[in-house]
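Scroll down for the structure; my scribbles are underneath it.
Small disclaimer: the values here were computed from a predicted structure and weren't measured. The figures here come from the full heavy-atom set of this structure, side chains too, leaving out hydrogens, waters and symmetry mates. Throughout, protein chains are lettered first and strands after them, A, B, ... in sequence-line order, and every chain is numbered starting at 1.
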Amino acid sequence: MVVDGVFKAYESGGRKVHALDRIDLTVRDKEFVALLGPSGCGKSTLLRIIGGLIAPSAGRVLVGGAEVKRPGPDRGMVFQSYTLFPWLTVRQNIEFGPKEKGISPSDRSDISSRYIEIVGLKGFEDSFPKALSGGMKQRVAIARALANDPSVLLLDEPFGALDTQTRSLMQELLLDVWEQSHKTILFVTHDVDEAIFMADRVVVMSARPGRIKKVIEVGLPRSRDYQVRTELAFLEYKRIAVDLIREETIKTMSLGAASGEA
Amino acid sequence: MEDPVQVRTSPERRRGLELIPRAPISTRLYMALGVASFAFILAVWSLLTYTGMLDPLFLPTPTKVAAAAFNLLAYHGYLNDVIVTVFRVFAGFFLAVLIGVPLGILVGTYKPIEAMVEPVMAFVRYMPASAFLPLFIIWIGINEPEKVAVIFFGSFFQLVLMVATSTSSVPQELVEVSYTLGTSPSRVLWRVLLPGAWPAIVDNLRIILGWAWTYVIVAELIGASSGMGFMIIESQRMLRTWNIIAGIVSIGILGLVADYGFKWSRSALFPWAD
Ligand SMILES: Nc1ncnc2c1ncn2[C@@H]1O[C@H](COP(=O)(O)OP(=O)(O)O)[C@@H](O)[C@H]1O
Ligand SMILES: [Mg+2]
């Protein structure tokens, strides 16, 4: 996946918001990349451009060699807000993509059973989303994206609304899923710990307009479990990333104050 | 040492009449309170009438009204009036739904259609259907189509706007997620917008049916020879207050039944909705 000179400015109410400034990024096949940056730096914007939900003002994105023009099933997305279809059961939500592809009911049911097993939701196949906890909803959302067998999985702060305990379990679960399925993953977060724990590379972004400030290669061995977080090497990576993010967050805040925002 | 913190919302303290915003209550208490408020109205009514505080011609006693209702049903063919009125309501409502729901869905889905249709609807809905009644009588005459036209006119425009809002209120994130799962723009209406909007649309129908009931009575008060509204206006001419009240109460009962029918079918059809 290649992001090539992507630039984005929003026009809202006559005011121009310069969200992204010439982003160049290459994500290798089956790589796990975290996009880390202070809130408002354009992480979601970049992810939505890659997903094809919005168009860049300049530049382009290539996935599997083809230029992204619109959203498509080759790029699965998971959002921070809960986006399960409330009128569908867990199983039907997961089968949504395969159904759009015209896969036969019996094959669909094999696919959904497999992913229900992987994300540990056996027994909840026929529940509606309103009966699920936040963590369970996000597990279904991940399963739903994977059931479509995309080449890239794009996640926008998927665990941002979860409590700390659930969150760290979900991170391990996603790593498990990634190791089993070996998809290319681009994971947006503003949580330094989360980024280093999960990613092969952490792409640190600058305050608005978003630029790539630094790329940290995380050399921690796989498979990682929660104990990695207390190792010296982890803490060293964390120190580097925290320094970078702090610098940018301070910039964001003073920028906000200058332009009259909160 | 500090005092232990008292949690006021703990279940054992929720007895009695402590009012906690939005706190749920038991079904039994819910029903009991509902019955109690009806009983209260009946008690006030009884107090005002049986004691002779009010002239019976002004407000008759509950027994007098009950007797009048029986009398109407048994000897004056009131059931026929009820059937005629119900038929008119359903004819007008059905027509409004048949055209209004699809149109509202299109308005809520496609911006060009919204641009074409919505301003006209918003304009017309402020013209009261009851004021159009004299015009309809001139255009159509005093007959069934005229009654149905009043009901249609009174509910259609409102319905289109409400259904449009219900459709456009389906979260955009669900639309986006469906695109990332391979749904094409031409299928998103069927796969996302419609399933997401149905419960709200059923709520719209419930509210609009209430409006249709109001308009049928208005239509029957002027230039009708049958129906519940006609009975009411006839009774006024003869100063039969008890019949008027029996008529009004029977309209209320039918409305209540329809309302509960909609509520029940909503939860039966859409168990996933809140
Ligand atoms: N649709 C939009 N219209 C106008 N400005 C927007 C829009 N979406 C995002 N922005 C602005 O672009 C900047 C980047 O937003 P976003 O990509 O959501 O950041 P992040 O996900 O890193 O928090 C923010 O300043 C935000 O206010
Ligand atoms: Mg964001």
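At a threshold of 4.0 Å, the pair B:K147-B:E220 does not count as salt-bridged, since none of the basic side-chain nitrogens sits closer than that to a carboxylate oxygen.
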Distance-only criterion, 3.5 Å: which donor-acceptor pairs connect chain B and chain A?
| residue | atom | partner | partner atom | Å |
| --- | --- | --- | --- | --- |
| B:E173 | OE1 | A:S81 | OG | 3.3 |
| B:E176 | OE1 | A:R48 | NH1 | 3.0 |
| B:E176 | OE1 | A:R48 | NH2 | 3.4 |
| B:E176 | OE2 | A:R48 | NH2 | 2.8 |
| B:L181 | O | A:N148 | ND2 | 3.1 |
| B:T183 | OG1 | A:E100 | OE2 | 2.9 |
| B:R187 | NH2 | A:E100 | OE1 | 2.9 |
| B:R191 | NE | A:E100 | OE1 | 2.6 |
| B:R191 | NH2 | A:E100 | OE1 | 3.1 |
| B:P271 | O | A:K130 | NZ | 3.1 |
| B:A273 | O | A:K130 | NZ | 3.1 |

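In this structure, no portion of B:V170 lies under 4.5 Å from any heavy atom of chain A. Heavy-atom distances place the backbone of A:L84, and not its side chain, under 4.5 Å from chain B. Both the backbone and the side chain of A:F96 come within less than 4.5 Å of a heavy atom of chain B. In this structure, the portions of B:P271 lying under 4.5 Å from any heavy atom of chain A include both its backbone and its side chain.
Each of B:V160, B:I201, B:L193 was scored for a side-chain contact (heavy atoms from CB on, under 4.5 Å) with B:I105, with one residue passing: B:I201.
The structure places CE of B:M162 at 9.5 Å from CZ of B:R125, a figure rounded to the nearest 0.5 Å. Distance CG/A:L154 to CG/A:L53: 9.0 Å, rounded to 0.5 Å.
Here the two rings, on B:F90 and B:F94, have centers that are 6.0 Å apart or farther.
At most 12 non-hydrogen atoms from other residues, nucleotides or ligands lie less than 6.0 angstrom from CZ of B:F87.
With sequence neighbours excluded, no residue forms a side chain to side chain donor-acceptor pair (under 3.5 Å) with B:T109.
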Derivation and outcome, side-chain contact (heavy atoms from CB on, under 4.5 Å), residues B:D259 and B:R206:
CA-CA 6 Å; B:D259 218 60; B:R206 182 166 67 90; 3.2 Å; yes
